[in-house]
Amino acid sequence: MTRVDEFNSFYSSTFTGVTRVTYALCGDRQVAFESTVDAYRRAWRDWSKIRDRNPLSYVRNEAWKITALNRGSHPLRRRQEGDSDTELLAALQDLSADDRRLIVLMTLGNSDLEEASREVGQPAEEGIENVTTALAQLETALGESIDAIERRMHGLASATDSFEVPPAADVRSAARRGRRRNTVLLVLAAVALIVGGGFVATDGDALATSSDLPRREKIGAESPDVVLDAHKIDAGNLLSAGQLEPLSPGTPWTVEGTDENVANTTPYATCPVKRFADKDPLKVFVRTFTDSGPGNARVAQSIEVSRSDRIATRAYKRLVQWYSDCEHPRVQLVAAYTVKRPFGDFTILSLRSHRSPERTFTVGFSHSGTITSTLVHEVDGAQGPSIEAFAQTLNESVAKVCKDSGGECSKQIEVVRTDPPPTSDAPSFLGIVDLPPVADINSVWASAPFSAQTNPAATQCDKATYTSKSIRSASSRVYVLYQAEGLPQEFGIAETVARFTSTRKAKAFVKKVSSRINNCRDDILSAKVDQERKVKVPGASGTAWRVGFEVADGKKVYYRTAIVRRGADVAQLTFTPAGEYDINQTEFTAIARRAATRLQYAE
């Protein structure tokens, strides 16, 4: 790869991230943009010197110094537009410059503490102390937790997303013009010093005395998990068969094949609708593995190299969405996990196909700079590999890419159970992937909106309505097994989601509905309420019941119903079975828990 191609790849993959970091540091998006462009001009002039010495740290450092000069020369230019988080920006500006840089690098810069400390020019021990103090200051100033502040920090990224990345050729041309101009300025400065003992001050890339510049920071190692040199990535960065051994100890793996064909469109896993999430990737690598064990295990690893960090971010989100929106017969999302790392957390989803033979899918996603990576493991049965072992293997796949890109990645990971990602359609409702198989029906669940005025989730016991003035909004959906034969019309699931004007009123509504169901026999003698289960998830709770009614000839019809609440949001859920087409109360309670979890995405 030529020197120009190297710079162009580095520039396109890092420009957006550097602009975001610079904006958070200075608080003026135009200054941040202009300073970032100037920093890359300087990087091109010095490319032969810095190309192998952490160019990202160099660019961020230069952009930071240029903002200091810009804001010093133009104190009235610093604007905080109305769509900016001005409160957060003001709180950041109240921190010392080094503390502000540490926090910005550890959030928007995706650096770990040691790397951020090196870039700011501090020992790691001093960085720990300074970050702790600075975060406490931010918590006090904003009245929010560290987690909330971190989310707001990442929210600053949107402020600079409207900027178009200037063509790399323009940046290189400007750098050449600047070099010629600076040569002239150096001569003039030398003459001025000889004749008058003074100095020449100019703008832009101009000369200045050391007192005019901020303290020169020590340039440390860049975060290798954020900016990866795309041109260095090849098939050698894929996992080897031996590295999969922890997924099925004692059973050897074999490489089935490696594909680098960008034009190949055939999906390599069950849920994705396309082979690659990036519509126009720069490079792609897919390697598949099989083992000789009885479970017919298979692994597919994919690396997609995008043309910019922004495109790669979109590709990553699209990949996760394909699985959170998965619509295959008898495929259900079982669990979700987050792999916490010093920088760049991973997402792992566990899905199960209830077809014959039953099969479990474990899918891991990671994203770094221009690179998106996916690892898919599938095996017969209801038990996949150890999540910890899978997370370690996923981490190894990323570490291999980081190492071969000239960086060092962390081996410190922590796996925690987490909530599933939102679905793209009606995220506050149950997703198709949340619903269980029923009997031997081999059809896909489908959902459609329904009027909440009639509340299809109501039973004869609760007769709940969502039309009072204490309800701000309400909507319903009905779920059926699409194209299934032999099912009566009443079979299906109904869900109503409502937002009340206050948490207190939501609580009162849930209490009233629960009381009506528990006391239903007092009003309807033929009613029977049993199989009561409490529903609890972090931040939400409720109850699930089975309700039966006697009909003609001593027969009974049953419903499974639940009501859950998260703050001011309430979801009511009713499943209407039909004879053998039923699920047990444990399975229904699991659906109710998922409905409670989905309420966090209510708007």
Side-chain angles (χ1 to χ4, degrees), residues 324-325 333 419-436 445-480 490 492-520 523 529 532-547 559-576 585 588-603:
S324 60
D325 286 344
L333 177 61
D419 294 332
T423 59
S424 58
D425 184 26
S428 60
F429 283 82
L430 289 166
I432 297 304
V433 77
D434 297 326
L435 302 179
W445 284 97
S447 71
F450 199 89
S451 171
Q453 295 291 317
T454 55
N455 185 22
T459 69
Q460 296 179 48
C461 287
D462 63 86
K463 299 178 182 177
T465 60
Y466 293 86
T467 57
S468 73
K469 293 181 179 179
S470 62
I471 296 174
R472 287 181 176 169
S473 61
S475 53
S476 300
R477 295 186 81 81
V478 172
Y479 304 79
V480 296
E490 63 268 19
I493 296 175
E495 183 182 13
T496 296
V497 173
R499 170 160 291 181
F500 287 74
T501 55
S502 69
T503 298
R504 180 180 61 83
K505 290 182 178 179
K507 282 183 178 179
F509 180 84
V510 170
K511 184 178 180 180
K512 179 176 68 175
V513 170
S514 300
S515 176
R516 286 180 179 176
I517 293 174
N518 286 326
N519 298 316
C520 186
D523 298 323
V529 179
E532 181 177 340
R533 301 282 192 278
K534 293 299 179 183
V535 178
K536 288 187 178 181
V537 299
S541 61
T543 310
W545 304 265
R546 186 179 72 160
V547 179
Y559 303 91
R560 300 189 188 277
T561 190
I563 189 163
V564 294
R565 181 189 63 82
R566 178 186 290 268
D569 296 310
V570 171
Q572 186 176 5
L573 182 71
T574 295
F575 172 67
T576 308
Q585 193 67 355
F588 180 73
T589 304
I591 300 175
R593 282 198 297 269
R594 185 63 58 80
T597 298
R598 295 294 186 191
L599 282 178
Q600 69 181 295
Y601 300 120
E603 296 181 353

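Side-chain contact check for S475 versus F429: some heavy-atom pair is nearer than 4.5 Å. Counting only heavy atoms from C-beta outward, the side chains of P456 and T496 approach each other to under 4.5 Å. The side-chain heavy atoms of V537 and R566, taken from C-beta on, include a pair separated by under 4.5 Å. Residues V497 and D569 fail the side-chain proximity criterion, which asks for heavy atoms closer than 4.5 Å. Using a 4.5 Å cut-off on side-chain heavy atoms (C-beta onward), S447 and I432 make contact. Within the 4.5 Å cutoff, the side chain of L573 has heavy atoms near those of the I591 side chain.
Atoms OG and CD, from S476 and E495 in turn, are 8.5 Å apart once rounded to the nearest 0.5 Å. Between the OG1 atom in T465 and the CG atom in N455 there is a gap of 7.5 Å [rounded to 0.5 Å]. Distance check, rounded to the nearest 0.5 Å: CD of E603 to CZ of R499 gives 8.5 Å. Interatomic distance, OG1 of T589 versus CD of E532, reported as 10.0 Å (0.5 Å rounding).
The two atoms that bring I517 and C461 nearest to each other are CA-CB, 4.2 Å, heavy atoms only. Smallest separation of non-hydrogen atoms from P422 and S324: O-OG, 3.3 Å. Looking at every heavy atom in both residues, L430 comes nearest to Y479 through O-OH, 2.9 Å. Nearest heavy atoms, G567 versus A506: O-CB, 3.7 Å. Residues G431 and T423 approach most closely at CA-CG2, 4.0 Å, considering heavy atoms. In terms of heavy-atom proximity, T561 sits nearest to A457 at OG1-O, 4.3 Å.
For the 3.5 Å distance criterion, the side chains of D462 and Q572 qualify, holding a donor opposite an acceptor. Counting only N and O atoms by type, the side chains of S424 and D325 include a donor and acceptor under 3.5 Å apart. A donor-acceptor contact closer than 3.5 angstrom is absent between the side chains of Y466 and Q453. No side-chain donor-acceptor contact under 3.5 Å links W445 and D434.
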(message) Please determine whether side chain to side chain contact (heavy atoms under 4.5 Å, CB included) holds for the pair I493 and L435, giving the CA-CA distance in whole Å, both sets of side-chain angles, and the decisive distance to 0.1 Å.
(response) CA-CA 9 Å; I493 296 175; L435 302 179; 4.0 Å; yes
(message) Is there a ring-ring contact (aromatic ring centres under 6.0 Å, His included) between Y559 and F575? Walk through the geometry before answering.
(response) CA-CA 6 Å; Y559 303 91; F575 172 67; 9.9 Å; no
(message) Is there a side chain to side chain contact (heavy atoms under 4.5 Å, CB included) between V570 and I563? Walk through the geometry before answering.
(response) CA-CA 7 Å; V570 171; I563 189 163; 3.8 Å; yes
(request) Give the intermediate values and the outcome of side chain to side chain donor-acceptor pair (under 3.5 Å) for residues S428 and R598. (result) CA-CA 5 Å; S428 60; R598 295 294 186 191; over 6 Å; no
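Between D425 and R477 there is a salt bridge, since a side-chain N of the basic residue sits under 4.0 Å from a carboxylate O of the acidic one.
Applying the side-chain hydrogen bond (donor to acceptor under 3.5 Å, both in side chains) rule to pairs touching residues 501-517 yields S515-N519, sequence neighbours excluded.
Partner of Q585 under the side-chain hydrogen bond (donor to acceptor under 3.5 Å, both in side chains) criterion, chosen from R560, R533, R546: R560.
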